[in-house]
J.: 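The structure that follows is given in the form of structure tokens.
For clarity, every value in this text was computed on a predicted model and none was experimentally measured.
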Amino acid sequence: MTRPEVPAERKSFVYQPSGGPVAEWYLSVACEEPGRTAGDRGLFSAMHPLQCVLQVQRSLGWGPLASVSWLSLRMCRAHSSLSSTTCPSPERQEDGARKDFSSRLATGPTFQHFLKSASAPQEKLSSEVEDPPPYLMMDELLGRERKVYLETYGCQMNVNDTEIAWSILQKSGYLRTSNLQEADVILLVTCSIREKAEQTIWNRLHQLKALKTRRPRSRVPLRIGILGCMAERLKEEILNREKMVDVLAGPDAYRDLPRLLAVAESGQQAANVLLSLDETYADVMPVQTSPSATSAFVSIMRGCDNMCSYCIVPFTRGRERSRPVASILEEVKKLSEQGLKEVTLLGQNVNSFRDNSEVQFNNAVSTNLSRGFATNYKAKQGGLRFAHLLDQVSRVDPEMRIRFTSPHPKDFPDEVLQLIHERDNICKQIHLPAQSGSSRVLEAMRRGYSREAYVELVHHIKESIPGVSLSSDFIAGFCGETEEDHVQTVSLLREVQYNMGFLFAYSMRQLSKRSATDLCGRNDGNLKVIFPDADMEDVNNPGLRVRAQPGDYVLVKITSASSQTLRGHVLCRTTLKDSSANC
């Protein structure tokens, strides 16, 4: 079989979580996502001998962890009749690798395999354990009654993700424990929306490191995993900085947890942070974490397309996609049968729900946005919209209250407001994130509306739903915000008179690891310093304006700092000897 030729920039290694056919090369068209590099899109699977891995990394110019995710596997046992505890000599291994490569290549996948896998997604029929990949035995995917301890941080979506992850692990034979000391596996479902949330996880990992070190040799080794948004955002840093982390799983990789944990059993780090365009876990029935609970979260969609300038969610949870209405209704019916009295429909942008699984509705016209609001993306046509879903869910059980969060103000057409007004079991409470009361700041935030449009929507909601309870989110200290901007936010709080508000100080973050307008260096204390790529004076050549080049020494005035990074503006180019004199 010859390897098909594709443009160099479209080649990428991809890992198939379902354990597809084995080949030395996988070719696929990577997901085209704004702000993502080819290395970010390609998912490397180390299924080859170590020499091949290093050779490929060198040929592509990758560092050891240049791709978003990597997986170290036991090389000596895969596709070999040798004992799993012994390794052949380098010469034998190289000869064996060539023969093994030829034999596997002859029966490996054709290009049609990848065309098939790139076709329209189909709903999975069940969440049972699938056939194991070639480098694992079936019994290695089973939990063997290992005890799992789960900790959840962040939003309601993470609570629901914890239930999804546990549902998958439970079917694989794992047991749940609430006792940290008796756990064999500790999984942290993490948040990345603010720097403080990430720092909480770093601190927790230091605590767990001591627990892992004290683990008695008589017990199976303790495995620690990072799940969710922080795993997606800081993949390489977590694996490098905290060597005691065994497993990384992004928000769309929870089905792969049994395989990742099986690989971790061999003492290797395992990761899957590949974002999906269609994963909604529609067929996974979340396991309620509290048996006595009277309310539950129901995830109806994942991801976000709004691309607000301050928000990292589109990069950690991917593009927007919705569950089929039928699967949502089935879950709500089961919760009703269990006696639950309240469900909250969840999504990053819950009221932009659009189910395109039923083709007869795909040509329907798009629903109008709230008056005076715009989107940052091309208008989407067709599909069953949020008003239809809300109508159907509210009919399941008249005695079950329905809530939803978190919405975007642009997606409140009249049919949604009318439905909330008419149905007794749809709570007369709306979360309406404003973020700022200043039109200038809202424009910088890429929110798609002005203060005036927002206030008009508030009045319209209050007229449509008498007695409605309103809550909101606000960010203080956004980039470039002035005192006058802040005063306008305070005045909006007074004008609307919210029943509840969630107020946050802006957290300076990287939304891009590399910027075309910024340079990076390190100071004597080995702290990373980010500064703009700008003209500067050369102290050894007065009057000469230069730009910094790799290897130059420059003086930078620090203007801000985070826990890991300093920022500032460049003053001049200098020498190491002269730098101390200029400080």
Side-chain angles (χ1 to χ4, degrees), residues 33-36 154-155 157 191-198 229 233 303-320 347-352 369-380 405-412 430-458 461 470-496 498 500-512 515 517-518 530 559-560 562 567:
E33 296 180 354
R36 294 291 222 174
C155 65
M157 183 65 78
C191 175
S192 216
I193 197 71
R194 287 179 295 278
E195 187 175 25
K196 183 179 179 181
E198 290 183 351
C229 294
R233 192 180 97 83
C304 184
D305 289 346
N306 287 321
M307 302 298 289
C308 300
S309 62
Y310 56 83
C311 186
I312 202 170
V313 166
F315 301 99
T316 59
R317 287 192 171 267
R319 300 287 79 82
E320 199 172 277
Q348 266 76 36
N349 187 13
V350 67
N351 52 341
S352 68
L369 299 176
S370 306
R371 287 184 289 274
F373 289 72
T375 65
N376 293 321
Y377 51 81
K378 184 179 179 181
K380 301 173 185 177
T405 196
S406 178
H408 191 287
K410 67 179 174 58
D411 295 302
F412 276 102
I430 291 178
H431 187 61
L432 205 65
Q435 306 302 357
S436 174
S438 164
S439 293
R440 191 188 69 83
V441 173
L442 288 171
E443 182 178 6
M445 289 178 167
R446 290 169 53 88
R447 290 291 288 172
Y449 54 86
S450 64
R451 175 197 174 105
E452 290 73 24
Y454 181 89
V455 170
E456 181 182 347
L457 175 61
V458 168
I461 290 174
L470 295 178
S471 59
S472 190
D473 295 335
F474 288 94
I475 297 174
F478 183 72
C479 305
E481 182 180 82
T482 65
E483 182 64 26
E484 175 57 29
D485 293 323
H486 180 71
V487 168
Q488 291 184 43
T489 297
V490 174
S491 72
L492 181 64
L493 285 164
R494 290 176 175 148
E495 180 176 356
V496 177
Y498 299 98
M500 184 179 297
F502 301 90
L503 315 178
F504 307 97
Y506 178 69
S507 178
M508 180 67 74
R509 307 296 295 281
Q510 294 176 316
L511 291 177
S512 173
S515 169
T517 60
D518 285 341
I530 308 294
T559 56
S560 64
S562 69
R567 283 187 170 271

J.: Check whether any side-chain heavy atom of Asn306 lies under 4.5 Å from a side-chain heavy atom of Arg446, and answer yes or no.
T.: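 No; the side chains remain at least 4.5 Å from each other.
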J.: Looking only at heavy atoms, what is the nearest atom pair of Met307 and Pro314, with distance?
T.: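 So the two residues come closest at SD-CB, 3.4 Å.
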J.: What is the distance from atom CD of Glu195 to atom OH of Tyr506, rounded to the nearest 0.5 Å?
T.: 11.0 Å
J.: Which value, rounded to the nearest 0.5 Å, describes the distance between His486 atom NE2 and Ser438 atom OG?
T.: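 Atom-to-atom, His486:NE2 and Ser438:OG are 12.0 Å apart.
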J.: Got a donor-acceptor contact below 3.5 angstrom from the Ser450 side chain to the Ser439 backbone?
T.: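 The answer is no, because no donor-acceptor pair under 3.5 Å joins these two groups.
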J.: Measure across Pro409 and Phe373 and return the closest heavy-atom pair with its distance rounded to 0.1 Å.
T.: CB-CE2, 3.5 Å
J.: At what distance, to the nearest 0.5 angstrom, does CG of Leu457 lie from CD of Glu452?
T.: 13.5 Å
J.: Go through Ile193 and Val313 one step at a time and tell me if the side-chain contact (heavy atoms from CB on, under 4.5 Å) criterion holds.
T.: CA-CA 7 Å; Ile193 197 71; Val313 166; 3.8 Å; yes
J.: Does Thr482 reach the main-chain N or O of Asp485 with its side chain, forming a donor-acceptor pair under 3.5 Å?
T.: yes
J.: Does a salt bridge link Arg451 with Glu443, judged by any charged N lying under 4.0 Å from a carboxylate O?
T.: no
J.: Quick one about Ser471 and His431 (side-chain donor to acceptor, distance below 3.5 Å, no hydrogens or angles considered), yes or no?
T.: yes
J.: Applying salt bridge (charged side-chain N to carboxylate O under 4.0 Å, His left out), run through Glu198 and Arg233 and close with a yes or a no.
T.: CA-CA 10 Å; Glu198 290 183 351; Arg233 192 180 97 83; 2.7 Å; yes
J.: Centre-to-centre under 6.0 Å for Phe478 and Phe504, is that the case here?
T.: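 Distance test on ring centres: not under 6.0 Å, no.
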J.: Atom SG in Cys311, atom CD in Gln435: separation rounded to 0.5 Å?
T.: 8.5 Å
J.: Please test Arg567 against Asp518 for side-chain contact (heavy atoms from CB on, under 4.5 Å), starting from the C-alpha separation and ending with a verdict.
T.: CA-CA 10 Å; Arg567 283 187 170 271; Asp518 285 341; 3.7 Å; yes
J.: Using atom types as modelled and distance alone, determine if a side-chain donor or acceptor of Arg317 lies under 3.5 Å from a backbone N or O of Cys229.
T.: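 Here the side-chain-to-backbone pair does not exist.
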J.: Before you tell me yes or no, could you show the steps for Leu369 and Phe412 under side-chain contact (heavy atoms from CB on, under 4.5 Å), namely the whole-Å CA-CA distance, both residues' side-chain angles and the distance that decides it to 0.1 Å?
T.: CA-CA 7 Å; Leu369 299 176; Phe412 276 102; over 6 Å; no
J.: Would you say Tyr454's side chain and Leu432's backbone share a donor-acceptor pair under 3.5 angstrom?
T.: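 Checking the backbone N and O of Leu432 against the side chain of Tyr454, a donor-acceptor pair under 3.5 Å is found.
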J.: To check you understand the geometry: which heavy-atom pair defines the closest contact between Ala434 and Leu492, and what is its length?
T.: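 Minimum heavy-atom separation between Ala434 and Leu492: CB-CD2, 4.1 Å.
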J.: When you check the side-chain N and O atoms of Tyr310 and Arg447, is any donor under 3.5 Å from an acceptor?
T.: yes
J.: Apply side-chain contact (heavy atoms from CB on, under 4.5 Å) to the pair Ile475 and Met445, showing each step before the final yes or no.
T.: CA-CA 10 Å; Ile475 297 174; Met445 289 178 167; 4.1 Å; yes
J.: Which atoms form the tightest heavy-atom contact between Ser406 and Pro433, and what is the distance?
T.: OG-CG, 4.1 Å
J.: Using atom types as modelled and distance alone, determine if a side-chain donor or acceptor of Glu481 lies under 3.5 Å from a backbone N or O of Gly477.
T.: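 Answer holds: yes.
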J.: What are the two closest heavy atoms between Cys304 and Asn349, and how far apart are they?
T.: SG-CB, 4.4 Å
J.: Under a 3.5 Å distance rule, please check whether Arg319 uses its side chain to pair with a backbone N or O of Gly303 as donor and acceptor.
T.: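 Such a contact is absent between Arg319 side chain and Gly303 backbone.
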J.: Check whether the side chains of Glu320 and Ser352 place a donor and an acceptor atom closer than 3.5 Å, and report yes or no.
T.: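 Yes, a side-chain donor-acceptor pair sits under 3.5 Å.
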J.: Please step through ring-ring contact (aromatic ring centres under 6.0 Å, His included) for the pair Tyr498 and Phe474, ending with a clear verdict.
T.: CA-CA 12 Å; Tyr498 299 98; Phe474 288 94; 5.7 Å; yes
J.: Determine whether a donor-acceptor pair (N or O, by modelled atom type, separation under 3.5 Å) exists between the side chain of Ser436 and the backbone of Leu442.
T.: no
J.: Could you tell me which non-hydrogen atom of Ala197 sits nearest to which non-hydrogen atom of Cys191, and how far apart they are?
T.: CB-O, 3.9 Å
J.: For the side chain of Asn351 and the backbone of His408, is there at least one donor-acceptor N/O pair under 3.5 Å apart?
T.: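 Checked: pair present.
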